[in-house]
Every structure is written in structure tokens, then in C-alpha cells.
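Below: the structure, in C-alpha cells.
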2 protein chains.
Amino acid sequence: MSNCSTCVVRNRSICSALDGTEISALGSISRLRSLAAGEPLLWEGDDSVLLANVVEGALKLTMSMPDGGEQIVGVVYAADFIGRPFGGATPYGVTALTDAQICVFAQSDFERLAADHPTLEQKLLERTLDELDRTRRWMLLLGRMNAEQKLASFLLELSERLGNPGCEPENAGPVDRFELAFSRQQIGDVLGMSVETVSRQFTRLTRQKIIANPTRRAVVILDRGALAARAG
Amino acid sequence: MSNCSTCVVRNRSICSALDGTEISALGSISRLRSLAAGEPLLWEGDDSVLLANVVEGALKLTMSMPDGGEQIVGVVYAADFIGRPFGGATPYGVTALTDAQICVFAQSDFERLAADHPTLEQKLLERTLDELDRTRRWMLLLGRMNAEQKLASFLLELSERLGNPGCEPENAGPVDRFELAFSRQQIGDVLGMSVETVSRQFTRLTRQKIIANPTRRAVVILDRGALAARAG
DNA sequence: CGCCGATTTGATCGTGGTCAACAATAGTGG
DNA sequence: CCACTATTGTTGACCACGATCAAATCGGCG
């Protein structure tokens with residue numbers, strides 16, 4: 001279904017573990033799908049029958065409190081893997097933050113392919129270990145940082161992650177100017193704080209000339225050192 | 001070095017992926033080590049040359065703020081895996097919570113063995129995916145719960161995890177009475193709150209006859225329903 | 001231009017952090 | 001075995017940070 005040979009994340013996603021023959025096997029069980037910004041892909045608690053690679057765009061993984069509060073527990077970008085293989089129900093919902101393209105396949109098809117291709121599982125393992133490390137750093141942020149430290153850390157991590165797409169190949173270093181894929185509310189859901197507090201911290205950093213906000217969604221880092229100092 | 005054939009976690013740890021020949025290969029590169037409660041195994045930022053399986057006891061994974069604040073980002077029990085394969089530096093410190101026995105091996109030895117034994121990598125992948133799910137649930141706790149919800153959730157998770165050691169084999173269900181492996185301070189470091197708040201919440205739950213505290217470290221769940229209600 | 005959701009700003013309140021004193025337990029040596 | 005001390009846990013008083021409620025302003029889009 002998909003044409004993997006021309007896929008832009010061919011060499012950065014877990015698919016880089018596969019050779020020509022294998023990739024066409026994966027291509028035959030996968031299908032490209034477009035998502036509009038805000039469109040949900042999976043709901044928390046769904047049977048996890050669907051797995052995917054992100055080709056373009058960004059998606060959020062969310063968990064909710066019974067009272068309606070939401071926590072974003074992960075964000076995936078191009079070349080990242082989506083879903084919970086070897087498991088029953090998806091423990092988190094998945095929703096597109098931006099317009100996105102993903103390469104979806106059935107869980108059962110993927111697991112069959114993975115069983116025959118250890119290198120594929122190894123790629124997925126490395127990716128999962130990285131994701132676990134990132135998530136744990138995020139726990140430190142949620143558990144021990146104040147509002148200022150949270151926002152500063154968030155902006156720094158974004159700037160690094162956007163400057164270093166995929167995994168290994170050419171690390172361009174952090175970028176000083178980028179577009180946020182998040183609304184203020186969503187930033188709050190990432191950092192475990194209210195919209196108002198997010199907004200206040202933005203204006204504070206802006207007033208101190210550490211960052212600038214040409215538009216609501218654009219961020220320019222004016223003084224990376226100072227920002228790092230605030231991140232603690 | 002180790003005698004894997006008599007190991008108590010032989011069939012629950014990732015070693016269950018290995019057959020007789022393979023297990024003796026692992027045995028020849030591994031070595032049993034005892035840790036006293038409070039003894040550190042790895043420091044945050046160390047080169048990650050050491051991997052291990054927990055045979056008995058519990059250990060904490062911690063990350064620290066520059067100002068000294070500590071966040072426990074994971075807790076491992078018997079049959080769990082310790083360390084960061086395929087990576088440079090360990091992003092978190094590892095310290096024994098109780099007296100413990102672990103089965104250690106060199107990162108390089110393990111990676112060589114794993115490369116030849118895909119089933120070993122698959123076990124590790126499943127374990128890592130489970131750990132990632134647990135960690136994300138924990139993020140919801142840190143980001144969105146109040147003190148009461150945090151402690152209630154913590155006690156419930158402990159009661160479930162202790163009643164269901166290892167992975168698959170016989171799930172005994174949650175236990176209503178158990179010993180905490182944590183000091184009050186450590187519970188605070190798990191839940192992202194101060195010792196005093198932990199203590200206050202304990203006395204609150206006790207006064208409401210939802211739990212009892214025969215000794216400081218012992219917990220009896222008197223009313224699981226009420227506790228679940230507080231957990232939100 | 002006018003509307004509507006997103007964002008910012010302001011005012012107030014409450015939860016949980018901090019500081020301090022006290023109590024209980026564990027650890028140590030006489 | 002019992003003082004004596006050190007450590008850990010509990011309780012109280014107070015305060016600050018960030019949540020909440022409310023209003024004003026901005027910005028995108030018809």
C-alpha cells in the first residue's frame with residue numbers, strides 16, 4: 001500500500017532496520033494516513049489494534065483524570081513510533097497536534113513481521129529506552145520544578161528536539177527560533193499547570209528579554225544561557 | 001559465576017527467554033551481588049557499564065535537581081531489569097531501598113549476548129514497554145493529582161504490585177497488608193511532595209479508618225473502596 | 001468590520017511548602 | 001537492660017506559589 005522507498009523517514013524510523021525485501025513486506029501491510037490538527041487517532045482504553053510511524057507532524061499522548069483534567073504524557077514527532085505493541089488496551093489517547101501524516105499498520109501484522117526480524121525489534125527497543133529516559137526526565141520536571149523552571153525546561157527541550165530530528169543523522173544543534181505545535185492550554189497539560197500560569201511565565205521571560213514572541217506560536221530564544229539558568 | 005538454574009527469578013525475569021545452553025552462557029558473564037539497604041549501585045551520570053537483574057529486594061531510581069531536591073523516577077523489584085543498555089551515561093542513580101540481591105553483568109557482555117538471542121531482546125522490550133506505561137501513569141499522578149489522590153494511588157499501586165510479583169504467573173490479587181520499603185521522605189520523593197504533607201495525609205487516611213498503621217512501615221488497607229475513591 | 005475562541009491580565013483564595021518544635025523509634029555503648 | 005543520642009516521623013503556625021474566578025484584549029476568519 002505505502003511506497004516506503006520514497007518515505008522521508010525511511011532512514012530515521014524503525015524502518016531503517018529493514019532491507020529492500022523486508023521494507024516491501026512492511027509496505028504491503030501499511031497504509032499512509034493523513035490527520036488534521038486536533039483529530040484523534042486513538043482513545044485512552046481502546047483496544048490497541050493500531051500501530052503507526054509518524055511521517056510528518058506532531059501528536060500528543062494524553063491521560064485523563066476522572067474529573068476531566070488532562071495530562072500530556074508524551075509527544076511524538078516525525079520518525080517516532082506510535083502505539084503499544086504486545087499489549088491489550090492503549091493506556092493513553094493519541095491526538096494530532098498539527099496536521100500530520102502517519103504510516104499505520106495492524107498490531108497483528110506488525111508483531112508477525114517483528115517476530116521474523118529481530119533488527120526491527122532492536123530498533124524499537126532502542127527507541128523505547130530513549131522514550132523512557134525522556135519520560136523520566138519529565139517526571140523530575142513535574143515533581144520537583146516550579147512554574148518558571150518548567151517552562152524554561154520545556155522551551156529548551158523543544159529547541160533541542162526540533163534541531164535534532166530523528167535519531168543519529170546530522171545533529172544540527174538546538175534552534176533559536178521555532179514554532180510551537182502547542183496551544184497555551186496544551187503547554188499547561190504538558191507541564192502540569194494552568195493556562196494562566198503558563199501565560200504569566202511567558203510574559204515574564206519575554207519582559208526579561210530571555211525569549212521573544214513575534215507571534216503567539218513563535219518563540220525566539222534571545223539568551224540561551226539565562227534560559228538554562230531558569231531551568232535549574 | 002552465577003548458578004542460574006536455581007535462581008528464584010529464573011522464570012520471571014528476562015532470563016526466562018533463554019534455554020539451558022543460553023542460560024549457562026549468561027551465568028558465565030554474570031555474578032550475584034548483595035546490597036545493604038541504602039547502598040548505592042549507580043550514580044546519576046555514571047558511564048552505564050553495568051546492567052543487572054533484581055533477584056530479591058527493591059531499589060529506587062532517582063534524578064536530582066541542582067538545588068538538591070530528589071525525585072524517585074522508578075522503583076524496581078524482584079525479576080525487574082536495571083540499567084540502560086545501548087546507551088552512554090546512566091540518566092538516573094540506583095540505590096537499594098531494602099537489603100537486596102542482584103545479578104550483575106557488564107553492558108558489553110550483555111549486548112553481545114542479546115545480539116545473538118532475539119528472544120532476550122524481545123523480553124526486554126516487553127518489560128521496557130510495561131515500564132514506560134507505568135511511568136506515564138505516574139506522570140498523570142505528578143502532574144494532575146492533589147496530595148490525597150497521590151498517596152491513595154501510591155498505596156493502591158503498591159498493594160497491587162506486591163500481590164502480583166513478576167509478570168504473568170499466578171496473580172494473587174492485591175494484598176491488604178504490607179510493609180513499606182520506603183521512608184516518609186522517600187514517599188515524598190516518589191510523589192513529588194514534602195515529608196510533612198506525606199505524614200499529614202497518612203494521619204488523615206488513618207483517622208478516617210481507611211488505612212491503619214500498626215507500625216510506621218506497615219500499612220493495612222481497611223477500606224479499599226474508599227481508598228480508590230480518594231485516588232480519583 | 002464584527003464575531004468567537006485564545007490569550008493575557010488582575011484579584012482572590014487554598015493547597016501544600018517551609019520553618020520550627022515536639023514525639024517516637026532505632027541505634028549505641030555503658 | 002537501660003540510659004543516651006541520633007534519626008525519623010508528627011504536628012502546628014505561617015506563608016508563597018500557583019489555581020481559580022472574572023474581565024479585558026488580542027487575533028484569526030467569515
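The figures that follow rest on heavy atoms only: side chains count, while hydrogens, waters and symmetry mates do not. Just so we're clear, the structure is a prediction, and the values are computed from it rather than from any experiment.
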Item checked: Per-nucleotide protein contact string for nucleotides 6-22 of chain D, where B marks a base within reach and S marks sugar-phosphate only (heavy atoms under 4.0 Å, - for neither) -> ---SBBBB----SSBB-

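The distance between atom CG of B:Leu180 and atom P of C:dT25, rounded to the nearest whole Å, is 16 Å.
The aromatic rings of B:Phe154 and B:Phe182 sit perpendicular, their planes meeting at an angle over 60°, well past the 30° parallel limit.
Electrostatic pairing of A:Glu148 and A:Arg200 does not count as a salt bridge here, judged by no charged N lying under 4.0 Å from a carboxylate O. The existence of a salt bridge linking B:Arg161 and B:Asp80 is confirmed by a sub-4.0 Å separation between a basic side-chain nitrogen and an acidic carboxylate oxygen.
Partners of A:Val8 according to the side-chain contact (heavy atoms from CB on, under 4.5 Å) rule, which considers only residues two or more places apart in sequence or in another chain, are A:Val55. By the side-chain contact (heavy atoms from CB on, under 4.5 Å) test, A:Thr62 pairs with A:Lys60, A:Glu70, A:Ile72, sequence neighbours left out.
Within the structure, every pair that satisfies the side chain to side chain donor-acceptor pair (under 3.5 Å) test and touches residues 33-45 of chain B, not counting sequence neighbours, is listed here: B:Ser34-B:Gln101. Among pairs with a residue in residues 219-232 of chain A, those fulfilling side chain to side chain donor-acceptor pair (under 3.5 Å) read A:Ser159-A:Arg224, A:Asp176-A:Arg224, A:Gln208-A:Arg230, at least two apart in sequence or across chains.
At least one donor-acceptor pair closer than 3.5 Å links the side chain of A:Ser13 to the backbone N or O of A:Cys15.
Bending across the helix from C:dC1-D:dG30 to C:dG30-D:dC1, expressed as the angle between its end axes from five pairs apiece, amounts to 40° (10° rounding).
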